[in-house]
Amino acid sequence: MAPSFEDGNSVFEFVVRRGNGVKGLVDSGLSKVPEAYMQPPKERIDKENAVKHGLPPIDLSKLDGFGPDHDEVADQIVKAAETLGFFQVVNHGVPLHLLESLKDTAHYFFSLPPQRKAVYRSDVSPSPLVKYGSSFVPEKEKALEWKDYILMQYTNDDEALQHWPQEIKGVLLEYLRSSIGMVKKLLQVLLGNFGIKPDDPMIDVLIGKKMLSMNFYPACPNPDLTVGVGRHSDMGTLTVLLQDGIGGLYVKMEQDMDYGKKGAWIEIPPTPNSLVINILSNGKYKSAEHRVRTTSTSSRVSIPIFTMPKETTKIVPLSQVVKKDGTALYREFVLIDYMKNFFGNAHEGKKSLDFAKINLT
């Protein structure tokens, strides 16, 4: 018989404290979403009225070399970063068999017995580099997110091999290694647009810290009432996201565009063999608000890589950008302080950016 969840506290106990995760709810034979996961109407995703993103992915193979093809692709990258803040790339240099292996590995990991995953809960994890959990900050959320995840911080290969879960560490390290070249190419283009010619040490500072996550969104009996991830914008320099073929990523448009109006939500449908990129820089490149819906048909996985400076790095808008824009939109801060604010609060759109924003009024 499926367990009965009459209030949020019992759900919290089952999902978070016992480490069963949302998958545990589904495996228990749940026929309807518990009240703790029911989002307020304004936070629910209206997939029927969302705009469909129809732009083709950007072919990164054309960045190799010089000439009109290189310049055209560089312009596409800059325009996408300046407008929507998200774009898809193909021919990115990450082996296609690896992308499939990553998705298979994620499904395998989340199918493991609850006790195997629960050893990495934040309150008992044997390493600060690994955290398994459900939702984002469940203690502070008005409604829980329909998601389980395993989050790994990368310091070096030796520590990853020692501390990351045995079942996933090999494929995740390969994913990270094969993605870094692409990340550096993209940063060279995006910084070059500001008149900066970045050398390797500068880029190494911008991506000195990496975090990887495997996200699992179990099939949901009432997807219209829930969200997989609530409204938020990412922290860090640049995010690389692998979607599976199911899709569910929605991005909020911050300006009028050919295919939709400012404030509308646009779906980023999965393109075979592609990766999704998003980035931030003093408001010039959009730190787009985005969220993830759930589905009743099958479970979904996504695997992001988050790149950012190291925690002790002082963050300040690039002087070239401030000179070009005429003003700095964000104050100087140490990244660890921003991270504590980001991970210490529930998802609430772009509110996390208020921590560093300068009030110009």
Side-chain angles (χ1 to χ4, degrees), residues 2-3 5 11-30 33-34 36-37 98-127 129-138 141 144-154 160 163-176 211-223 226-230 240-249 270 276 291-306:
F5 299 104
V11 169
F12 187 87
E13 176 72 26
F14 183 86
V15 172
V16 178
R17 292 202 177 99
R18 297 186 193 175
N20 290 36
V22 181
K23 187 177 187 301
L25 286 178
V26 175
D27 291 347
S28 72
L30 198 72
V33 168
Y37 288 91
L98 176 59
L99 300 184
E100 295 306 311
S101 181
L102 281 160
K103 290 179 276 190
D104 291 343
T105 301
H107 278 287
Y108 171 72
F109 178 81
F110 288 101
S111 71
L112 293 172
Q115 59 269 27
R116 172 66 187 123
K117 295 172 288 187
V119 299
Y120 293 107
R121 283 186 1 237
S122 59
D123 56 337
V124 297
S125 179
S127 169
L129 302 179
V130 184
K131 176 186 176 182
Y132 166 78
S134 291
S135 201
F136 184 63
V137 186
E141 291 167 344
L144 299 174
E145 299 174 340
W146 193 262
K147 178 188 76 169
D148 298 333
Y149 68 89
I150 182 85
L151 177 67
M152 279 84 32
Q153 298 187 50
Y154 176 83
H163 297 292
W164 289 7
Q166 177 68 33
E167 297 86 354
I168 60 178
K169 60 186 177 184
V171 69
L172 284 174
L173 278 172
E174 187 178 353
Y175 178 38
L176 179 59
M211 295 192 296
L212 298 89
S213 180
M214 281 187 163
N215 301 321
F216 184 76
Y217 309 93
C220 179
N222 307 105
T226 62
V227 296
V229 179
V240 178
L241 174 69
L242 171 62
Q243 294 195 87
D244 64 12
I246 297 172
L249 173 64
V276 182
R291 54 187 180 174
V292 175
R293 67 171 167 83
T294 61
T295 177
S296 62
T297 55
S298 57
S299 298
R300 173 181 181 263
V301 295
S302 66
I303 303 100
I305 297 173
F306 305 100

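- For Asp27, the side chain to side chain donor-acceptor pair (under 3.5 Å) test picks out Lys23, with sequence neighbours left out.
- When atom types are taken as modelled, the side chain of Asp148 and the backbone of Ser134 share no donor-acceptor pair closer than 3.5 angstrom.
- Pairs passing the side chain to side chain donor-acceptor pair (under 3.5 Å) check and including a residue from residues 103-112, sequence neighbours excluded, read Glu100-Lys103.
- Checking side-chain atoms of Asp244 against main-chain N and O of Arg300 turns up no donor-acceptor pair under 3.5 Å.
- Ser122 is linked by a side-chain contact (heavy atoms from CB on, under 4.5 Å) to Lys131, counting only residues two or more places apart in sequence or in another chain.
- Applying the side-chain contact (heavy atoms from CB on, under 4.5 Å) criterion to Val119, with sequence neighbours excluded, gives Arg116.
- Not counting sequence neighbours, the partners of Phe110 by the ring pair (Phe, Tyr, Trp, His ring centres under 6.0 Å) test are Phe216.
- Tyr37 is linked by a ring pair (Phe, Tyr, Trp, His ring centres under 6.0 Å) to Trp146, counting only residues two or more places apart in sequence or in another chain.
- Residues passing the side-chain contact (heavy atoms from CB on, under 4.5 Å) test with Pro270, sequence neighbours excluded: Gln243.
- For Tyr132, the side chain to side chain donor-acceptor pair (under 3.5 Å) criterion is met by no residue, not counting sequence neighbours.
- Of all non-hydrogen atoms in Leu249 and Val276, the two that sit nearest each other are CD2-CG1, 4.2 Å.
- Taking the side-chain contact (heavy atoms from CB on, under 4.5 Å) definition, one finds that Ser298 meets it with Ile246, sequence neighbours left out.
- Side-chain atoms of Ser127 never come within 3.5 Å of backbone atoms of His163 as a donor-acceptor pair (strictly under, hydrogens ignored).
- Here Gln115 pairs with nothing under the side chain to side chain donor-acceptor pair (under 3.5 Å) rule; sequence neighbours left out.
- A donor-acceptor contact under 3.5 angstrom links the side chains of Thr295 and Thr297, judged on distance only.
- Partners of Ser296 under the side chain to side chain donor-acceptor pair (under 3.5 Å) rule, at least two apart in sequence or in another chain, do not exist in this structure.
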